[in-house]
Amino acid sequence: MTAENLELDVLAVFSHPDDAELSVGATLLKLKSLGYRTGVLDMTRGEMGTRGTPEIRAAEASEAARLLKLDVRLNLEQPDGHVWLTEESRTALVRVLRAYRPKLVLTAHWDDPHPDHANTCRIVREGARLASMRRYDEAHGQAAIKMPSIAHAVYSRRVIPSFIVDVSDFVEGKMAAIRAHASQFYSPGSQEPQTRISEQGFLNQIEYRLRYNGSLIGVAAGEAFYVREALNVADPFALLTRPMNIYS
Ligand SMILES: [Zn+2]
């Protein structure tokens, strides 16, 4: 799914075709319900995956995009398992950012244990900065953009969230979008090799994580984010009188 010249509010950039769903799927649904234009950029087609094929995974990603109500889902076609911060990968990302002009980018955290995820994060941080520099890749003919804000999905317990999004109304939608990647997750009749994420308990763990993050802010479900920069709060009273959990 592509749509040239579509301006996005939010772009989620993750490594493999199911990562955005697993990491920020409910937040993307919430942002869409608030009226924002949302997109996902997958860095690879997931061809290194133990299960499925690139063709199957593309069809699953397209169905998941429909369930997440995305305005666009793009693929940068970097080599799966070999995502590196290079001139080529940075430039490819800069071109997407300049084409879709998102004001907010959601991505992985640099401390993620999967090298593709950590490197995707680095490509995003450098690409977002470079996209704002007029002379970078100038010959390609795209205008520079204002550097988008970046929020990192929190998976590691070593990263303390900067904020947690209340996604209580979007748990089912997120889980449905994850299950659209049917080749990757538990299915009783599957003859494919077992992987960590295709074990029966994995999807339960994803939901427990949503519930746990929700409990930290006193709501039914949450997705956690880390922001490197200081957050600029317009109304501290409104922020600090939202539901919270003193035992978080
Ligand atoms: Zn991944």
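Numbering of residues begins at 1 and proceeds along the displayed sequence. Atoms within a ligand are numbered from 1 in the order they appear, just like the ligands themselves. Keep in mind that the numbers below use all heavy atoms, side chains included, and drop hydrogens, waters and symmetry copies.
Annotation: the span from L70 atom CG to L8 atom CG amounts to 9.5 Å, rounded to 0.5 Å.
Of the N and O atoms on the side chains of H152 and R125, at least one donor lies less than 3.5 Å from an acceptor on the other residue. For the residue pair E192 / S198, no side-chain donor-acceptor distance below 3.5 Å is found, with atom types taken as modelled. Donor-acceptor pairing under 3.5 Å is lacking for the side chains of S215 and Y247. A donor-acceptor pair shorter than 3.5 Å cannot be found between the side chains of Q78 and S89.
For the salt bridge (Lys or Arg N to Asp or Glu O under 4.0 Å) with D18, the qualifying choice from R57, R45, K174 is R57, the only one to do so.
Panel detail: the Zn ion (ligand 1) has protein N, O or S atoms under 2.8 Å away, 4 in number.
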